[in-house]
Amino acid sequence: MAAELTTHALIAKHRPTLDQALEAIRTRAYWSPHPEHPKAYGENGSLDMAAGKAAFDALLGSRLDLGQPGTDDWVGGETSPYGIELGVTYPHADLDELLPAMKAGQRAWRDAGAEMRAVVCLEILKRISDRTHEFAHAVMHTSGQAFMMAFQAGGPHAQDRGLEAVAYAYVEQVRTPDTAEWTKPQGKRDPLALTKRFTPVPRGVSLMIGCNTFPTWNGYPGLFASLATGNAVLVKPHPRAVLPLALTVQVAREVLAEAGFDPNLVALAAERPGEGIAKTLATRPEIRIIDYTGSTAFGDWLEANARQAQVYTEKAGVNTVLVDSAADYKGMLSNLAFSLSLYSGQMCTTPQNLLIPRDGIRTDEGPKTFDEVVADLARAVDGLLGDDARANALLGAIVNPDVKARLEAAAGLGEVALASREISNPEFPGAVVRTPVIVKLDGAKPDDEAAYMSECFGPVSFAVAVDSTADGVELLRRTIREKGAMTVGAYTSDAEVEDAIQEVCLEEAAQLSLNLTGGVYVNQTAAFSDFHGSGGNPAANAALCDGAFVANRFRVVEVRREAEGQA
């Protein structure tokens, strides 16, 4: 065991950070130990950027040997949305050999205790953080995010979410003391006295099923929540986004081994093209926890069929913004334009439906008709993305052909208020880059309802005319209840309308952002302060991150015996 990874050294190194994380989730104030700016990494930021790019380039065409048992083949096939072949191959596992090997290390990991598990997790996160530039390129070339977004969302923001999960896991595990002396008076007789020991015990092997768009940001909460609570974790990446999670597994295995634990507590399950191993894995008896981000159809299947496991899902929803009135009209348009454009709308939090009264709205610039609001928003998006270099930096690339097909089909659903246009990327000629489309729909027409009441993932938004703000509030309620929502936005200068919208979101359990006009956007959340999803509507059955997300990943087992001196 490396001297620097002794128990004492790890606790001395990481306990201050853990304590700060615990304070952050208590106060919900802003805090992050992971810098957002690329130049903050290394003694010379520019050199570190070059080193990260060089490390990524060195991975291309390589075999990533993780040294895990049960490897029976080497698989790969990722192509970057920017048009380059990654050519990385990964171990394919014989599950009958790998899963027992993963379970073998759980006893020592369980017995290490909550604090030791937490600081080992923090060491894993620290080493990932030190390689943020390398990870950023891996995220960029599997998700299609532009580099700066891949750097921030795939790096520090993902690391924050992992640390947040560790903090919540620690809180829940230490809620019960390790030991207790229990004495019950018996009147004139001697009291009854017991010594009790309470041990958090893991459920078993945890399966993390990764997504294509945010492999680290969406993957790290479940991975670290399970690992910190004593479970082994099997990482099953999306076949188009293996590399960032494979690197994560590599780092985790190195740290576990250096800290004296079995590296097989974390392993990778890569798959052959078209193999579809998620269903096979999800129903194996060894799998006791599942974390999943992706389509509603497969999320529903997991909840119905993986009966032996505790299943945490983030599925799809129809995110809605209700526009009643605007005290800062230009600020509202600017904020919405950015929200619709960021990463080509390929975020589970991007607004889809914009509910606007057909008679128009009140603004600080005077009344605006429905058509004027939609036209002004289209101009705001056009202005934001008018420069191709700026557009490439915001949009990234279309992540897969399905998104492109939905975007192209959306133009046929109604009157196009803003047409999507193709943008070339000089650095990556093979990238598919498209600006958003905005389509006008009528909330009173059944044919239009079929479109706006379904998720259309990607750079597609519907401007839906409603009869009144009150009708919009009720449509908002129905949308959340029937389809779910990861986010809700609203603009109003009327206190009664604000109360009505807030009440809908409280009753239907949806996270609400009101009157955002500055540099905070409805589709962005901050770890340690904001909850991502609520777990209370059909879009997700879990929230990132709260106590419920971690508490059922372990159980507390009690051993009691009569106290010394008892007859």
Side-chain angles (χ1 to χ4, degrees), residues 18 21-28 110 114 117-118 121 158 160-176 198-211 214 217-231 233 282 287-294 296 299-300 302-304 306-317 348-349 480-481 484-488 505-512 525-557:
L18 177 60
L22 295 173
E23 179 67 5
I25 64 174
R26 185 188 70 82
T27 64
R28 316 304 295 181
R110 176 201 71 198
R117 288 193 294 270
C121 287
D160 282 350
R161 283 296 184 189
L163 175 54
E164 177 186 49
V166 173
Y168 271 100
Y170 179 80
V171 167
E172 294 301 325
Q173 290 173 96
V174 302
R175 187 181 300 281
T176 303
F198 305 96
T199 303
V201 299
R203 279 187 170 271
V205 179
S206 178
L207 172 65
M208 194 278 280
I209 302 175
C211 68
F214 289 88
W217 198 99
N218 278 108
Y220 283 4
L223 192 165
F224 284 100
S226 285
L227 192 61
T229 49
N231 303 277
V233 182
I287 301 299
R288 303 302 303 278
I289 301 167
I290 298 173
D291 288 281
Y292 168 76
T293 299
T296 296
D300 289 345
L302 287 170
E303 291 170 1
R307 305 303 295 272
Q308 84 292 348
Q310 178 70 31
V311 179
Y312 300 90
T313 59
E314 181 193 312
K315 299 177 287 189
C348 62
T349 49
I480 300 170
R481 182 175 294 175
M486 295 299 294
T487 56
V488 172
C505 290
L506 291 172
E507 290 179 356
E508 304 301 333
Q511 311 293 11
L512 172 64
T525 58
F528 310 109
S529 187
D530 295 321
F531 292 109
H532 176 73
S534 71
N537 69 65
N541 73 1
L544 305 180
C545 182
D546 59 8
F549 184 69
V550 299
N552 214 14
R553 295 172 190 265
F554 69 96
R555 310 309 298 170
V556 176
V557 174

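Heads up: numbering here begins at 1 and tracks the sequence. In this text, all values refer to a predicted model and were calculated from it rather than measured experimentally.
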Q.
I want to check something: taking the side chain as every heavy atom from C-beta on, are T229 and P200 in contact at a cut-off of under 4.5 Å?
A. no
Q | Those residues that, when tested against F214, pass ring-ring contact (aromatic ring centres under 6.0 Å, His included) (two or more places apart) | A | Y343
**Q.** Pairing residues for E314 by the salt bridge (charged side-chain N to carboxylate O under 4.0 Å, His left out) criterion, not counting sequence neighbours
**A.** none
Q. Under 4.5 Å between any side-chain heavy atoms of D546 and F531, yes or no?
A. yes
Q | Distance in Å, R117 CZ paired with Y170 OH, rounded so as to fall on 0.5 Å steps | A | 11.0 Å
Q.
Side chains of I25 and V171, heavy atoms from C-beta outward: is any pair under 4.5 Å?
A. yes
Q: Not counting sequence neighbours, which residues clear ring-ring contact (aromatic ring centres under 6.0 Å, His included) with Y168? List them please.
A: none
Q) Taking the six-membered ring of Y312, is NZ or CZ of R553 closer than 6.0 Å to its centre and within 45° of its axis? A) yes
Q.
Is any side-chain heavy atom of L227 closer than 4.5 Å to one of M208?
A. no
(Q) So E164 and H532, do their side chains get closer than 4.5 Å, heavy atoms only? (A) no
**Q.** Sequence-distant partners of A21, side chain to side chain contact (heavy atoms under 4.5 Å, CB included), two or more places apart
**A.** W31, L163, A167, F528
**Q.** With sequence neighbours excluded, residues passing side chain to side chain contact (heavy atoms under 4.5 Å, CB included) with R203
**A.** N231, R288, I289, Q310, N552, R555
**Q.** Listed partners of S529 passing side chain to side chain contact (heavy atoms under 4.5 Å, CB included), at least two apart
**A.** R28
